Number of protein chains: 2
Amino acid sequence: RIKASGLKLQLCTNETQATREDFVRKLRGLGFDISVSEVTAPAPAACHLLRERGLRPHLLVHHDLVPEFAEIDKTNPNCVVLGDAAENFTYANLNEAFRLLIGMEKPVLISLGKGRYYKETDGLKLDVGAYMKALEYACDVQAEVVGKPAKSFFESALAELGVPPEQAVMIGDDIVSDVGGAQQCGMRALQVRTGKYR
Amino acid sequence: RIKASGLKLQLCTNETQATREDFVRKLRGLGFDISVSEVTAPAPAACHLLRERGLRPHLLVHHDLVPEFAEIDKTNPNCVVLGDAAENFTYANLNEAFRLLIGMEKPVLISLGKGRYYKETDGLKLDVGAYMKALEYACDVQAEVVGKPAKSFFESALAELGVPPEQAVMIGDDIVSDVGGAQQCGMRALQVRTGKYR
């Protein structure tokens with residue numbers, strides 16, 4: 001409907017358990033006509049930041065997200081990229097990421113979001129934000145958050161659209177990540193009362 | 001030497017990977033004449049607090065610490081007790097503790113310390129404080145810390161000795177947990193430059 005009206009569309013998701021390709025495939029399966037270039041997601045935003053600053057990440061992310069970082073040099077890491085690693089959040093993997101961070105002259109922790117928890121069919125799960133807090137505390141660092149509600153995240157979506165913030169509207173179900181983040185960026189925002197709204 | 005001089009002695013440890021019995025056995029093996037009643041440790045302090053407030057804990061602690069809680073009713077938990085669970089810090093166990101906490105009308109999180117990390121022969125490990133921060137953030141609660149540097153911890157050691165704070169001296173290698181905690185309690189404190197001092 002939005003597309004048919006001639007309006008430009010960019011999807012902003014904090015999905016970090018799958019590549020954009022997988023995400024788009026899922027949406028197309030649900031009947032939405034969407035392509036990869038119309039999706040703004042934390043992993044590509046992180047790749048952009050890594051390239052810009054010459055950072056080589058150690059990844060603590062979901063298995064299915066790893067392909068997003070295929071082109072990035074990961075040898076001799078000088079930062080840690082943290083996503084919702086789910087089953088990869090093992091005691092050994094957390095200690096490994098911690099040891100790398102604390103061993104850096106200036107620890108750099110990049111987090112693909114800062115959600116507290118989310119719901120799956122088998123119940124609530126700790127989200128990436130909780131693990132981010134654990135590493136922040138242990139290493140006495142502040143993580144750089146990529147993804148909603150980071151201003152840079154919305155700016156990259158706007159750049160993709162080629163539209164200034166005052167001509168864009170953000171639609172989302174999360175008052176902080178979606179509405180708050182977009183407003184801080186100079187966009188107008190609409191909150192829908194579906195999804196996780198309550 | 002201290003004992004031979006006629007001075008009363010109480011060991012204050014934040015050890016939560018073993019029962020006091022195991023801890024004393026290890027020290028005796030090293031040649032120290034010490035008994036279980038001369039050890040103040042976080043787990044018994046937690047048990048005291050649980051009993052006092054009628055709390056039934058879900059335990060996320062090290063396997064070897066579980067016997068300390070043998071006498072405590074653990075059915076239908078209304079709080080979570082967090083220790084340095086080490087290998088028990090699995091994704092599943094963390095989610096379980098989180099779900100119980102977030103499901104409580106008023107989540108109560110009791111942490112057996114708040115250390116950031118410690119060193120083992122195979123390298124640095126995240127300590128209980130990091131996992132405490134993760135659960136605090138996810139559930140928007142503040143943990144109650146039992147163990148050093150909590151004032152109540154030093155007070156229970158003094159009670160064990162039957163000595164007022166101004167007649168006691170704390171000796172330790174940690175400026176915050178040992179020296180700071182004791183001073184806040186009205187004791188004098190000596191910092192030794194051994195152990196983890198650097």
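Within every chain, numbering begins at 1; the chains are lettered A, B, ... in the order of the sequence lines, protein sequences first and strands thereafter. Since this is a predicted model, take the numbers as computed values, not measurements.
Of the listed residues (L94(A), T90(A), N88(A)), the greatest number of heavy-atom pairs within a distance under 4.5 Å of chain B belongs to L94(A). Most heavy-atom pairs under 4.5 Å with chain A, from the set F98(B), Y131(B), F89(B): that is F98(B).
Here the CD1-NE2 distance, from I72(B) to H48(B), works out to 11.0 Å after rounding to the nearest 0.5 Å. The distance from the CG atom of L112(B) to the CG atom of L60(B) is 10.0 Å, given to the nearest 0.5 Å.
Side-chain polar atoms of S152(B) and E155(B) form no donor-acceptor pair below 3.5 angstrom. T40(B) and Q10(B) are linked by a side-chain donor-acceptor pair at a separation below 3.5 angstrom, with hydrogens and angles left out of the test. With no hydrogens or angles considered, a side-chain donor-acceptor pair links Y118(B) and D84(B) at under 3.5 Å.
For A86(A), the parts lying near chain B are the backbone and the side chain together; criterion is any non-hydrogen pair under 4.5 Å. Residue D127(B): no heavy atom, backbone or side chain, is found under 4.5 Å from chain A. In this structure, chain B has heavy atoms under 4.5 Å from both the backbone and the side chain of D140(A).
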